[in-house]
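To start, the structure under review is shown below, and the notes come after it.
The analysis underlying the following values was restricted to heavy atoms, covering all of them including side chains, and did not include hydrogens, waters or symmetry mates. Chain letters run A, B, ... following the sequence lines, proteins first and then strands; every chain starts at 1.
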Amino acid sequence: MWAETFRWHCIGGIRHATPELGGEREKTAEHPQKQRHTRAQTLRWEEEKREDGVKWSTLEHKGPVFAPPYERVPRNVRFYYDGKPLELSEETEEAATFYAKMLNHDYCTKDVFNTNFFKDFRKSMTSKEKEIIKDFRKCNFQEMHNYFQAESEKRKAATKEEKLAKKNENEALVKEYGFCMIDGHKEKIGNFRLEPPGLFRGRGEHPKMGMIKRRIQASDVSINCGKESHVPSPPPGQRWKEVRHDNTVTWLASWIENVQGQVKYIMLNPSSKLKGEKDHIKYETARRLDKVIDKIRATYRDEWKSKEMRVRQRAVALYFIDKLALRAGNEKDEDQADTVGCCSLRVEHVQLHKELNGKENVVVFDFPGKDSIRYYNEVEVEKRVFKNLELFMEHKKDGDDLFDRLNTQVLNEHLKELMDGLTAKVFRTYNASKTLQSQLDLLTDPSATVPEKLLAYNRANRAVAILCNHQRSVPKGHQKSMENLKEKIKAKRDAIDDCEAEYHDLKKAAKRGSVKEKVLADKKGKQLERLKEQLKKLELQETDRDENKTIALGTSKLNYLDPRISVAWCKKHGVPIEKIFNKTQRTKFLWAVHMADENYRF
DNA sequence: CGTGTTACTTAGTACGGCGTCA
DNA sequence: TGACGCCGTACTAAGTAACACG
């Protein structure tokens with residue numbers, strides 16, 4: 001399947017958008033039919049015969065970029081303890097700067113954050129410093145904070161030349177470390193820099209927020225590369241933790257982060273073939289689900305009546321996952337923020353109402369989901385589901401699991417039996433893409449203008465974002481920007497009124513026969529048309545922006561919507577793809593741009 | 001079997017650059 | 001020409017899910 005897509009990269013006219021990545025590819029573009037036996041094709045074919053789980057044959061890269069070493073603040077920038085300046089050792093000072101940089105952030109108002117920070121701050125101190133610095137409330141980071149603020153201002157106020165020099169420097173770094181060679185192709189790396197030290201910023205009520213994230217040394221880093229490849233050099237005098245040659249994984253480097261003890265990875269950019277293939281497979285799996293979804297739905301509805309509790313619970317949970325696009329809900333540890341998904345819902349997260357706002361059998365969901373984003377939804381459910389929920393909640397109290405006979409492993413094992421490759425998250429992909437397709441069908445008027453079609457597209461996209469609960473905080477200055485827009489619209493309307501009046505006068509004059517005035521009237525008419533078009537565009541923008549204020553469209557576009565649906569829609573309705581996908585998205589979805597024609601259906 | 005480990009996808013936010021508009 | 005606001009991008013946390021291990 002992928003070989004077919006990949007050939008598109010070479011086909012006439014559509015030159016690869018990123019030549020620096022594809023320079024070595026075949027250039028015989030004129031006769032796609034004759035390409036069958038080019039070298040690139042043969043290689044690709046061989047690559048596809050790989051053993052199970054093998055992801056690449058050759059991999060070479062220059063290793064990750066380390067965070068810049070700590071630079072001490074000038075001597076006149078001081079830390080104060082108990083009202084008096086106190087000189088700090090280098091390590092302690094660095095820790096202090098982490099906090100100083102965040103001084104005006106919300107995090108610094110939280111006890112957990114401050115307590116965790118202070119505990120780690122003290123760990124970084126010399127025994128002498130420990131003797132003195134015992135009370136967080138006596139610490140004063142203000143001068144340091146001011147210093148960093150001033151530095152940031154300085155950076156902003158730098159001259160064009162200085163900024164350009166910096167930009168060039170960064171580009172050189174990207175050029176050297178930002179790419180790797182994998183199976184003979186140059187590919188962009190996603191994150192080639194190691195995470196710099198700083199304070200851990202967990203989301204929601206995270207028990208570890210404020211802890212210090214240690215600086216990463218070469219001796220913390222594992223390198224993964226091809227057996228025959230040149231091993232990246234560690235910084236002078238240092239050694240990597242380990243060098244391996246594991247071609248069953250896609251990461252280039254990894255290390256263990258100290259706050260949560262998780263492994264972090266350096267991986268490829270989404271534009272890479274490896275990621276693209278995986279993405280393609282994801283949507284193909286979702287499309288396979290479409291073929292069996294009716295049967296699956298019939299089955300789980302049937303199982304609402306099962307005499308086995310675990311089957312009933314599984315069936316109700318699956319119904320939620322399907323209907324509401326809930327996440328699976330893996331169990332979490334105590335030392336993480338308390339968030340839940342479907343399988344981990346607890347009694348306090350749902351309320352049952354025989355009747356609510358004119359609807360019957362209403363379940364009110366209210367729980368913190370991924371990233372502690374609130375999920376709130378009043379849902380009318382089938383009576384049988386309602387009855388089952390009453391049963392599941394019998395004799396339970398807050399804190400008890402709603403689905404006590406279910407977890408994600410059990411659920412996914414069941415799903416695997418229903419369809420090869422089916423897991424809970426496939427439903428989210430499936431329902432998101434399905435919704436986009438059907439909403440586009442519903443909302444697109446083929447005779448509409450491009451701006452109108454774009455509003456339709458955004459509305460379809462929005463329907464998905466709402467389904468998946470992709471939220472954002474109202475952007476700073478949203479209200480003001482709306483007011484500005486309204487102002488503009490008013491100005492435009494006034495301009496139209498004026499123009500209209502002039503147009504009428506000119507038309508009258510033209511009727512009296514003067515050729516010159518006739519031309520003028522024509523011109524005015526055209527101007528009027530243009531103004532009206534501009535007004536329409538502004539009004540559409542107004543609607544779009546307001547409807548969008550708390551909804552994030554990007555996440556679904558990037559992760560849930562089969563890009564071929566959007567590509568096909570653009571081709572079918574004469575909308576330039578750039579109106580829908582920005583440059584990054586176009587590179588990520590290059591495969592889809594080439595693969596889908598206007599007739600593609602999800 | 002249940003628990004930890006590993007690898008990979010999905011997520012919101014911070015920030016800087018750039019275009020726009022007065 | 002400078003302020004302003006928006007967008008793209010970088011960043012990294014937080015999910016999912018498979019698998020290893022004992």
Is any side-chain N of the basic residue among A/Lys273 and A/Asp183 closer than 4.0 Å to the acidic one's carboxylate O? no
Nucleotide C/dA13, atom P - distance to CE of A/Met211 in whole Å: 12 Å
Looking at A/Phe179, does the NZ or CZ of A/Lys186 lie under 6.0 angstrom from its six-membered ring centre and within 45 degrees of the ring axis? yes
Quick one: label A/Pro270 by what it contacts on the DNA or RNA (base, sugar-phosphate, nothing), any heavy atom closer than 4.0 Å. nothing
Taking CZ from A/Phe589 and P from C/dG8, how many angstroms apart are they, rounded to a whole number? 14 Å
Separation of C/dT16 atom P from A/Phe427 atom CZ, nearest Å, is 15 Å
Given atom CD of A/Gln260 and atom P of C/dA13, what is their separation to the nearest angstrom? 7 Å
Do A/Arg564 and A/Glu284 meet the salt-bridge criterion of a basic N to acidic O distance under 4.0 Å? yes
Any base atoms under 4.0 Å from A/Asn412, or only sugar-phosphate, or nothing? Heavy atoms, all strands. sugar-phosphate
Base, sugar-phosphate or nothing for A/Gly341? Non-hydrogen atoms, less than 4.0 Å. nothing
Would you confirm whether the ring centroid of A/Phe320 sits within less than 6.0 angstrom of the ring centroid of A/Phe365? yes
Rounded interatomic separation in angstrom, taking NE2 from A/His206 and P from C/dT12: 16 Å
Determine: side-chain N/O of A/Thr423 to OP1/OP2 of C/dA17, distance under 4.0 Å, yes or no. yes
